[in-house]
Amino acid sequence: MKRIVLPVLLFFCTPILFLNCGDSGSDSGVTISGVVTDSDSGDPLIGASVLITSPIEFSNLFTTTDSTGAYTFVNIEINDPIDFVIQVSSNSYQTQSQPIDAALPGRVYSLDFQLVEEGDDDGGSGGGVVVEGDPGVPAAIVLNEVSEEEINIRQTGGIVSSTFSFSVQDSSGRNMDQDSPVTVNFQILNGPDGGEAVVPASAETNSNGIVATSLFSGDSAGVVRVEAFFIREDGARISSSPILIAISGGFPHPDHFFVASENRNLEGFGFISEELEYKLVASVGDKFGNPVKIGTSVDFRSLDAGIINGSATTNENGFASVSFYPNGARPENNANGIGFFNVRAHTFDENNDDLDADVLLLFTTRTALITFDSGTFSVPANGSDNVSFTVTDLNGYPMAAGTTIAVTAEGTIGVAGDSEVLLGDYFVGGNGVTNFTVTLSDLDEENSNVVPSSVTVTVTTPSGYQTSSTLAGTRAKIK
């Protein structure tokens, strides 16, 4: 007769549930959020999979934790009280589930998870009791390894498949053996529907209780959620925690290739500056509008002005960015006029043909030209007078985006109107862009004598360079 010593299992999986009865932002929506941490260290678990396992009609809802370990399900539409079960899993940690009983429409629920590492059932004491004998009834599927957490769209030249293996174990954590094989099925729960597939769709565990399959990408980018499961002889369905595999994009496509700058009117005409750093970003998508695969190379060149980093590679969102600086150029050969120039981004499509995208930029001078519409002003006692003026760069264009215009007055004169202006991004002048008006008002109710005064307009560029001009006038007595 075989001797079986049962293990002592101590789980440190403390559920924490806080109910916030505030408005979730929808009369029928339920919002569920929380934080997932390591039970020992308290550190946030990044990228943990969080899904709703019950009720079944919401089982397609899942998310992952962010850099702080936080997750959120926003405004889950319900009409009546519902019992939810939330499941959290992370590589090398034990899967944990917690209920929210009778969730009410219009409420916000906070549900935190503290996950225990695999093999740490005894709370980290390092001991553990060995279970002897043959494995019993299969009770769990445990993920062993994932070869690639991110693959590429097929025919892009990158890795297009990821292999993952599982162990099928009994309730004591022992792998099944050659005498107790289990047929495991694999299915895609969610994905971009681009033809991705798991092959094989089912397989039998080997003599060590291990089974493996592979996910092959299709022609669309997105996140694929894969599940392994088996049906036990008693009818129970045993499943793994969902595996998340990212499929990154395909080749650049001309309909989804653009280059831009946060602002197009830039301080930079005729001077050199390493401190004035501008960012240029290329947006690169494939034929479906998905981000191209990470690491796609994009070349940049500046035509007629500026100095620019020559190349960059795309990130997970399909963006490639470089820095750009004024280099002393005074561009004047562009068809749009003096100061204008083009920056070009370049890459290749799936046929190795050139793809180009241009953006038109304008270098304006850091020195402003300030012109008053009149030669003086006269504010009557207890009255007001208007002063109009224009501000352009030395070539007649609006000053660079981010330039400030401030108007101050000497004496007992108040200033209203366009007295504090932050310029936006403009190529063409107009009211509030190059043309401004302030109203000057008498603030001295007791003295009606003629008093000399002045108004000063100060223009400050994004680099801090200032230009000022002053208009003299008076506060006149009552006639």
Side-chain angles (χ1 to χ4, degrees), residues 152 156-158 248-287 289-366 393-395 397-403 424-428 461-463:
N152 300 119
T156 59
S248 58
F251 290 103
H253 191 273
D255 292 342
H256 301 284
F257 182 42
F258 304 96
V259 63
S261 172
E262 180 179 0
N263 294 305
R264 297 197 298 159
N265 183 338
L266 309 174
E267 179 186 0
F269 188 90
F271 67 92
I272 297 174
S273 175
E274 192 174 356
E275 286 71 38
L276 269 177
E277 178 183 7
Y278 302 113
K279 290 291 184 182
L280 291 175
V281 180
S283 172
V284 195
D286 64 13
K287 61 184 177 181
N290 303 132
V292 295
K293 67 177 182 178
I294 296 175
T296 297
S297 180
V298 181
D299 300 323
F300 295 84
R301 65 188 68 178
S302 178
L303 310 181
D304 302 325
I307 188 166
I308 191 170
N309 298 146
S311 65
T313 56
T314 55
N315 61 17
E316 66 274 11
N317 297 314
F319 295 117
S321 63
V322 293
S323 295
F324 178 68
Y325 306 88
N327 68 336
R330 300 169 180 263
E332 55 185 30
N333 297 322
N334 192 283
N336 293 278
I338 188 170
F340 285 95
F341 61 100
N342 289 83
V343 170
R344 177 167 297 163
H346 171 268
T347 189
F348 297 95
D349 66 11
E350 61 182 334
N351 300 315
N352 208 32
D353 292 332
D354 294 310
L355 291 183
D356 291 324
D358 286 14
V359 59
L360 180 66
L361 302 177
L362 171 64
F363 265 166
T364 47
T365 64
R366 62 190 343 179
D393 84 329
L394 297 183
N395 296 317
Y397 297 109
M399 295 296 290
T403 296
D425 189 31
Y426 302 103
F427 282 168
V428 180
T461 65
S463 70

Any residue meeting side chain to side chain donor-acceptor pair (under 3.5 Å) with [X], in chain and number order, not counting sequence neighbours:
| X | answer |
| --- | --- |
| Asn342 | Asn334 |
| Asn317 | none |
| Asp393 | none |

Where is the tightest heavy-atom contact between [X] and [Y], given as atom of each residue plus distance?
| X | Y | result |
| --- | --- | --- |
| Gly318 | Pro291 | N-CB, 3.6 Å |
| Val259 | Ala345 | CB-CB, 3.9 Å |
| Leu266 | Ser261 | CD2-OG, 4.5 Å |
| Phe341 | Pro331 | CD2-CG, 4.1 Å |
| Pro462 | Ala401 | CG-O, 3.3 Å |

Can you give me every donor-acceptor pair (side chain of residues 295-309, partner residue at least two apart or in another chain, under 3.5 Å) with its distance?
from	atom 1	to	atom 2	distance (Å)
Thr296	OG1	Lys293	O	2.8
Ser302	OG	Ala305	O	2.0
Asn309	OD1	Ser323	N	3.0

side-chain contact (heavy atoms from CB on, under 4.5 Å) evaluation trace for Thr364 with Met399: CA-CA 6 Å; Thr364 47; Met399 295 296 290; 5.7 Å; no

Glu275 side, atom CD; Tyr325 side, atom OH - distance, nearest 0.5 Å: 9.5 Å

Qualifying residues under ring-ring contact (aromatic ring centres under 6.0 Å, His included), relative to Tyr397, sequence neighbours excluded: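 With neighbours one apart ignored, the set is Phe340.
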
Short side-chain to backbone donor-acceptor contact, Asp425 and Asn265, under 3.5 Å: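 Yes, because the side chain of Asp425 sits within donor-acceptor range (under 3.5 Å) of the backbone of Asn265.
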
Polar side-chain atom of Asn395 near backbone of Ile338 as donor-acceptor pair, under 3.5 Å: no

My understanding is that only residues two or more places apart in sequence, or in another chain, count here; which of them pass side chain to side chain contact (heavy atoms under 4.5 Å, CB included) with [X]?
| X | answer |
| --- | --- |
| Asn290 | Ser220, Ala221, Asp286, Phe288 |
| Phe271 | Glu267, Ser273, Leu276, Pro326, Arg366 |
| His253 | Asp255, His256, Lys287 |

Name each donor-acceptor pair under 3.5 Å that joins a side chain in residues 352-361 to protein atoms two or more places apart or in another chain, with its distance.
from	atom 1	to	atom 2	distance (Å)
Asp354	OD1	His346	NE2	2.8
Asp358	OD1	Arg344	NE	2.8
Asp358	OD2	Arg344	NE	3.4
Asp358	OD2	Arg344	NH2	2.9

Listed partners of Glu274 passing salt bridge (Lys or Arg N to Asp or Glu O under 4.0 Å), at least two apart: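 For Glu274, no residue satisfies salt bridge (Lys or Arg N to Asp or Glu O under 4.0 Å) once neighbours in sequence are set aside.
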
